[in-house]
Trainee: 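Take this structure, written in structure tokens, and hold onto it; I'll ask about it next.
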2 protein chains.
Amino acid sequence: MFPGRPRSRPAIITLANVARKAGVSKATVSRALTRPDKLSKATLERVTRASKQLGYVSHGVARALATGTTHTIGAVIPTLENAIYAVSTGSLERRLDQAGYLLLVACHEFNSQAEIRAVRAFISRGVDGIVLVGLAHAPETMQLLRESRVPYVLTWSTRPQARKPTVGFDNRYAGRLIAEHLIRLGHQRVGMIAGITKGNDRAADRLMGVRHALANAGLKLSPELVVERPYSLDGGTEGIALLLSRHRPPTAIVCGNDILALGALREAHARKIAVPRELSITGFDDMPIAELGNPPLTTVHFPMAEIGWHTGTALLRTLGKTEDAFESELPIRLVVRNSTAPPEGLSDFEFKGKAFSGRRQR
Amino acid sequence: MFPGRPRSRPAIITLANVARKAGVSKATVSRALTRPDKLSKATLERVTRASKQLGYVSHGVARALATGTTHTIGAVIPTLENAIYAVSTGSLERRLDQAGYLLLVACHEFNSQAEIRAVRAFISRGVDGIVLVGLAHAPETMQLLRESRVPYVLTWSTRPQARKPTVGFDNRYAGRLIAEHLIRLGHQRVGMIAGITKGNDRAADRLMGVRHALANAGLKLSPELVVERPYSLDGGTEGIALLLSRHRPPTAIVCGNDILALGALREAHARKIAVPRELSITGFDDMPIAELGNPPLTTVHFPMAEIGWHTGTALLRTLGKTEDAFESELPIRLVVRNSTAPPEGLSDFEFKGKAFSGRRQR
DNA sequence: GTGAAAGCGCTAACAA
DNA sequence: TTGTTAGCGCTTTCAC
């Protein structure tokens with residue numbers, strides 16, 4: 001069932017064939033396809049029938065060469081293994097499809113060289129627009145974008161002072177949000193299992209947000225309480241193991257995403273550490289499966305599907321293909337479930353005081 | 001940051017520009033790009049420099065028109081919200097990228113009309129190959145494939161007698177595998193929370209496999225013990241609620257995938273039903289998060305990433321772009337964790353006997 | 001080893 | 001309303 005050799009170029013039915021059959025010129029057939037209203041009912045009918053009879057399929061490549069537009073958008077995302085990118089890419093595709101655009105997808109797997117290659121390939125193929133994930137990109141990537149003049153949108157992150165087209169939310173703010181929640185609960189030793197920050201400004205921003213929130217509260221994110229791990233259950237497991245092995249372990253652990261948090265939660269369970277009584281654990285992303293955590297994770301909710309959808313709308317707008325409004329900055333919210341009750345024995349006094357110390361010493 | 005109007009067609013650096021600058025003909029520049037070995041060292045050098053200086057980027061569309069090949073593959077998948085399709089599409093992309101191909105992705109969301117549209121769009125854009133998920137497709141889809149003569153591979157499923165190019169595994173066999181496991185444990189009243197089978201032959205096949213296995217054992221998958229739900233946690237929750245509301249509820253529930261199983265497990269927990277002591281629950285797909293089930297799910301493992309990778313290899317092979325070997329039929333295996341112990345009180349006698357009846361009556 | 005010329009299939013002025 | 005014509009930027013014989 002798998003012939004080893006390529007087919008010869010298939011005999012193709014061209015617009016010229018249709019023209020001959022319908023007894024009209026090529027231009028007329030072309031119009032029939034693009035602006036049928038510009039034709040008389042009779043000829044349109046003739047062309048349509050001829051086209052149908054021959055099973056004509058328009059040659060998009062030739063059309064693209066003639067018009068200078070491919071009706072194709074290229075998205076370079078980190079990976080499809082992470083549900084947040086998969087889901088947002090899915091809704092991006094739906095939005096684009098609605099407007100008659102096709103989506104090229106490339107994954108760079110957190111390798112900036114791969115991103116450059118993908119952008120170059122997209123431009124070379126003549127995409128009408130490009131979607132990139134995150135704010136930080138290799139200079140070469142931005143140069144390609146600039147020189148080719150291909151419209152683009154950066155997605156999954158934004159910043160108040162962003163000077164480029166972006167759709168997303170502020171990951172630093174998200175980090176602050178969850179850290180402030182923990183601080184309000186009285187935690188003073190907060191640790192973090194972050195995602196790998198190299199090549200991932202979203203992960204870096206979340207970490208930075210947590211750090212700033214703690215600093216603002218006169219606390220500090222101790223270097224020995226920060227660990228970076230890939231977004232996987234095992235990453236969470238390893239991360240928590242490391243943090244708990246510290247001389248003075250944290251009373252709360254902020255995880256860079258829900259998968260890490262679920263991994264950490266699993267390990268806490270295995271070690272018979274009561275969450276949240278003895279230890280608080282939080283996540284990011286609010287994935288559907290997050291509620292499977294036991295206890296369910298307190299996390300920061302990002303509207304994954306909306307991000308992709310709005311990104312598509314933003315791009316289409318730049319292309320003049322829609323007048324739809326869209327949000328450049330998307331709402332996020334802290335979803336408090338119950339993996340973050342205050343540490344055991346925390347009192348009002350301690351809450352305000354400075355002498356708080358982690359309860360668990362293992 | 002979002003200009004509302006489209007750019008004018010950007011001034012582009014063509015191959016002709018490079019030719020002029022290098023003082024050679026267009027043909028020579030073209031050769032420099034495609035078969036550099038056919039040029040003298042000196043001219044190649046000149047062309048290369050000129051090309052670099054001008055920042056020339058080849059015009060893929062024009063090249064495609066001239067060569068009749070776009071170096072693009074189109075994949076029509078059900079949805080990116082389901083991790084199995086996201087992950088396999090990701091590895092497909094990696095495989096294709098390795099061979100210099102770009103991937104167009106369209107999601108049909110289990111709508112066969114959408115699939116037809118996508119295939120038509122792909123063919124129109126001149127893709128060199130197409131990937132479709134599943135064995136069953138609308139006649140129109142297959143007709144388009146046949147008439148356009150575009151090579152294609154059907155993925156995520158195969159069957160011993162499949163007469164089309166497929167890469168995947170036998171979902172019926174997978175269904176049988178898990179049902180036989182339950183039968184061996186002595187279950188006689190087995191229920192199933194299947195995925196929506198309409199437009200999804202994988203879901204239908206899994207159901208069929210379970211049904212056949214039971215039939216072979218002289219048992220029966222009672223219609224009132226079969227419920228179809230979308231692949232979501234809530235689907236699992238609703239499904240189990242329905243099955244448990246039956247006059248004689250099942251002692252084991254086969255879920256159409258791991259998400260459904262996790263949802264069912266969650267509900268069992270909520271109802272204080274001990275799994276597996278009082279009720280067995282199983283899944284399909286063996287997603288990483290499946291181990292978060294409590295107890296961890298017994299499930300059928302499918303190698304998601306390999307499916308995409310092998311699909312890519314199969315397609316490239318048809319295109320004559322690789323000689324790599326690949327497996328058309330992929331291995332699957334039953335992963336027995338511990339959500340499927342026999343029902344409480346099941347004895348050897350009962351195991352062999354005929355009078356077994358579900359223990360739980362609620 | 002290199003160049004000239006003829007398209008690939010379509011669209012878009014401009015004419016009629 | 002319809003046809004004629006000239007490309008879009010590249011590849012590819014076929015000469016030289």
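All chains are named by letter (A, B, ...) in the order of the sequence lines, taking the proteins before the strands, and each is independently numbered beginning at 1.
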Trainee: Should B:Arg117 and A:Asp97 count as an ion pair when the cut-off is N to O under 4.0 Å?
Mentor: yes
Trainee: Base, sugar-phosphate, or nothing for A:Ser40, non-hydrogen atoms under 4.0 angstrom?
Mentor: sugar-phosphate
Trainee: Hey, are A:Arg95 and A:Gln98 close enough side-chain-wise for a donor-acceptor pair under 3.5 Å?
Mentor: yes
Trainee: Using a cut-off of strictly less than 4.0 Å, decide whether A:Ser30 has a side-chain nitrogen or oxygen near OP1 or OP2 of C:dT11.
Mentor: yes
Trainee: Using a strict threshold of under 4.0 Å (side-chain N to carboxylate O), is an ion pair present between A:Glu45 and A:Lys52?
Mentor: no
Trainee: For C:dC10, take OP1 and OP2 only and decide whether either is under 4.0 Å from a side-chain N or O of A:Tyr56.
Mentor: yes
Trainee: Hey, which of these two, B:Ser58 or B:Arg31, hits DNA chain D nearer its 5' end, going by closest nucleotide?
Mentor: B:Ser58
Trainee: Among residues 20-28 of chain A, which residues get a heavy atom nearer than 4.0 Å to DNA chain C?
Mentor: A:Lys26, A:Ala27
Trainee: Quick check on the helix from C:dG1-D:dC16 to C:dA16-D:dT1: what's the angle between its two end axes, five base pairs per end, to the nearest 10°?
Mentor: 30°
Trainee: Any side-chain N or O of A:Thr34 under 4.0 Å from OP1/OP2 of C:dT11?
Mentor: no
Trainee: Compare every heavy atom of B:Arg202 with every heavy atom of B:Trp156, then report the nearest pair and how far apart it is.
Mentor: O-CG, 3.6 Å
Trainee: Is any side-chain N of the basic residue among B:Arg94 and A:Glu81 closer than 4.0 Å to the acidic one's carboxylate O?
Mentor: yes
